[in-house]
S.K.: 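I'd like to ask some things about the structure below.
Computation of the quantities below employed the complete heavy-atom set of this structure, encompassing side-chain atoms and omitting hydrogens, waters and symmetry-equivalent molecules. Bear in mind that the values here come from a model prediction, so they are computed numbers and not experimental data.
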Amino acid sequence: MSRHPLQRVASPSRSVSALIHLLGMASFMASFSYLRLFPRELHLGFGGEFKFLTIIGLGLALVTFVVGLLADLTLSPSLFRIKNVLSVCSAPLAVLISTLYWGICAINKNLVVPPDMAIPVLPDVGFHAMPAIMLTLDLMLLSPPWTVRGYGAMTISMTIAFLYWGWVELCFSKNGWYPYPIFEILNTWQRVLLFTFSALLMTGSTMALKWVYGKINGIDKFKKDALHPLKDE
């Protein structure tokens, strides 16, 4: 597999790339299978499992890796470009989900998981850590440099955050309850702050991933872009 001219670290072979994508897909599909094998009351109602940001992120990660595998098998430049575009959204979102989930759990797990809905450690890691791990691995080893800058990353993050808020409120209007307990205790303005903070955190995730990519591949410009995301060219 040829490498992008700005990559210092040579990309793995086509077979290794396909193996990484297959392993990621296996993990993501195992998580979806867990939902089917152990259905929970919160997964019922309007929106199904996709009321949860975790499951939306998991689905986007799966689509990204499916396209990546197809690109490996067909060597299609178009599929490769689509995978990289998807990665700009899916990787920072997965990192955001992991950061928020484990961060809030460290404070009070009941804010994101009702006490009677707790799941074992292995599927918990599958839902809330593996997408971030596998998508970061894909970015660092299998993807060309991201060209997205601070304003673009912020626009993407704000759009995703407030589209999800609208989706959550639509589901609430149909079901009468929120997917995450924390939404129940926040008023409207507090939710505005929460989703704004989440969008900023996702923007930070994008810039952090870009910085690490620049560090690994020796691209000083990427490290500078990540440290000064709103600075013009």
S.K.: Got Lys51 and Tyr164 here, is their nearest side-chain heavy-atom distance under 4.5 Å?
M.R.: no
S.K.: Run Ser90 and Thr64 through side chain to side chain donor-acceptor pair (under 3.5 Å) and show every step you take.
M.R.: CA-CA 7 Å; Ser90 60; Thr64 302; 3.1 Å; yes
S.K.: Nearest 0.5 Å, what's the OH-CG distance between Tyr180 and Leu100?
M.R.: 9.5 Å
S.K.: Can you get from Met29 to Ile20 by hopping between Ile, Leu, Val, Met, Phe, Trp and Tyr side chains that sit under 4.5 Å apart?
M.R.: yes
S.K.: Quick one: does Asn187's side chain have a donor or acceptor within less than 3.5 Å of a partner on Trp189's backbone?
M.R.: yes
S.K.: Linking I/L/V/M/F/W/Y whenever any side-chain heavy atoms sit under 4.5 Å apart, do Phe46 and Phe172 land together?
M.R.: yes
S.K.: With a 6.0 Å cut-off on the ring centroids, do Tyr178 and Phe52 count as close?
M.R.: no
S.K.: Check the hydrophobic clustering (I, L, V, M, F, W, Y; side-chain heavy atoms under 4.5 Å; chains of links allowed) and say if Ile160 and Val85 are grouped together.
M.R.: no
S.K.: Does the plane of the ring in Phe38 sit parallel, tilted or perpendicular to the ring in Tyr34? Use 30° and 60° as the thresholds.
M.R.: tilted
S.K.: Applying salt bridge (Lys or Arg N to Asp or Glu O under 4.0 Å), which residue pairs with at least one partner in residues 56-68 are found, sequence neighbours left out?
M.R.: none
S.K.: Looking only at the side chains, is there a donor atom on one of Thr203 and Ser157 sitting less than 3.5 Å from an acceptor on the other?
M.R.: yes
S.K.: Phe195 and Ile185: same hydrophobic cluster, using ILVMFWY side-chain contacts below 4.5 Å?
M.R.: yes
S.K.: Considering residues at least two apart in sequence or located in another chain, which fulfil the salt bridge (charged side-chain N to carboxylate O under 4.0 Å, His left out) criterion with Lys83?
M.R.: Asp138
S.K.: Tell me whether the rings of Phe65 and Phe28 are parallel (<30°), tilted (30 to 60°) or perpendicular (>60°).
M.R.: perpendicular
S.K.: Do the side chains of Trp102 and Leu122 join up, straight or via other hydrophobic residues, at under 4.5 Å, putting them in one cluster?
M.R.: no
S.K.: Without swapping roles, check the side chain of Trp177 against the backbone of Asn175 for a donor-acceptor pair under 3.5 Å.
M.R.: yes
S.K.: Is the closest basic N to carboxylate O distance between Arg36 and Glu49 below 4.0 Å?
M.R.: yes
S.K.: After noting the C-alpha distance and the side-chain angles of Ile104 and Asn108, does the key distance pass the side-chain contact (heavy atoms from CB on, under 4.5 Å) rule?
M.R.: CA-CA 6 Å; Ile104 293 174; Asn108 184 353; 5.9 Å; no
